[in-house]
Amino acid sequence: MGDDCLFCKISSGRMNTEFLHETEDLVVFRDINPQAPVHLLLVPKKHIRSVNDITDEDRGVVADLIHTARDMAKKEGIAESGYNLAFNVERGGGQIIFHLHLHLLGGWKR
Ligand code: 5GP
Ligand code: ZN
């Protein structure tokens with residue numbers, strides 16, 4: 001992908017996005033239009049269109065996203081209060097950016 005994909009651009013550092021966490025394989029940054037007091041996006045650097053396109057080779061990528069989400073929830077202080085992890089899949093599932101990403105939402109006062 002590359003120039004046509006916003007999350008390829010962001011994850012490769014071409015958009016000057018502030019990363020809360022970065023590894024060789026993924027980045028974490030705040031959603032521009034947060035739907036919760038804490039709303040992070042976890043984005044693999046590899047371009048994968050959606051959950052439908054995950055292959056056996058991507059098992060590590062998916063595990064990495066979930067492990068990192070757990071760690072980021074702790075860092076953001078919402079591990080104990082609880083949080084929501086979501087993959088929107090294709091248009092009917094609310095996906096608007098067609099590069100795999102995991103939403104981490106939490107921090108509500110309940
Ligand atoms: P989707 O609906 O595809 O699962 O979620 C895409 C998310 O990306 C949305 O929550 C939207 O607010 C967020 N988003 C779209 N463009 C940008 C951007 O340029 N920067 C950041 N930080 N988030 C973005
Ligand atoms: Zn991409």
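Both ligands and their constituent atoms are indexed starting at 1 by order of listing. Note that the structure is predicted; figures quoted are calculated from it, not measured.
Considering both main-chain and side-chain atoms, Ile97 comes within under 3.5 Å of ligand 1 through a nitrogen or oxygen pair. Note: an N/O pair closer than 3.5 Å links Ile96 and ligand 1 by distance alone.
Residues His99 and His101 keep their aromatic ring centres 6.0 Å or farther apart.
Contact check on Glu90 versus Arg49 returns a salt bridge, with a Lys/Arg side-chain nitrogen under 4.0 Å from an Asp/Glu carboxylate oxygen. Salt bridge status for Lys46 with Asp58: present, with a side-chain N to carboxylate O gap under 4.0 Å.
Atom numbering of ligand 1 starts at 1 in the shown order; those under 4.0 Å from a heavy atom of Phe29 are 21 (C), 22 (N). Taking a cut-off of under 4.0 Å to the non-hydrogen atoms of Gly94, the atoms of ligand 1 that pass are 1 (P), 2 (O).
Counting only heavy atoms from C-beta outward, the side chains of Leu40 and Leu20 approach each other to under 4.5 Å.
In this structure, Phe98 falls outside the shell of residues with a heavy atom less than 4.0 angstrom from ligand 1. The shell of residues lying under 4.0 angstrom from ligand 1, judged by heavy atoms, includes His101. In this structure, His103 is part of the shell of residues with a heavy atom less than 4.0 angstrom from ligand 1.
Distances from atom 11 (C) of ligand 1 to the heavy atoms of Asp31, Val89, Asn33 show the closest one on Asp31. For atom 23 (N) of ligand 1, the choice among Thr17, Ile32, Ile10, Asn88 with the nearest heavy atom turns out to be Ile32.
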Verdict with reasoning, Asp71 to Thr68, per side-chain hydrogen bond (donor to acceptor under 3.5 Å, both in side chains) = CA-CA 5 Å; Asp71 294 347; Thr68 305; 5.5 Å; no
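Rounded to 10 degrees, the SG-metal-ND1 angle spanning Cys5 and His47 at the Zn ion (ligand 2) equals 110°.
Nearest protein neighbour of atom 19 (O) of ligand 1, counting heavy atoms only, is Leu6 CD2, 3.7 Å.
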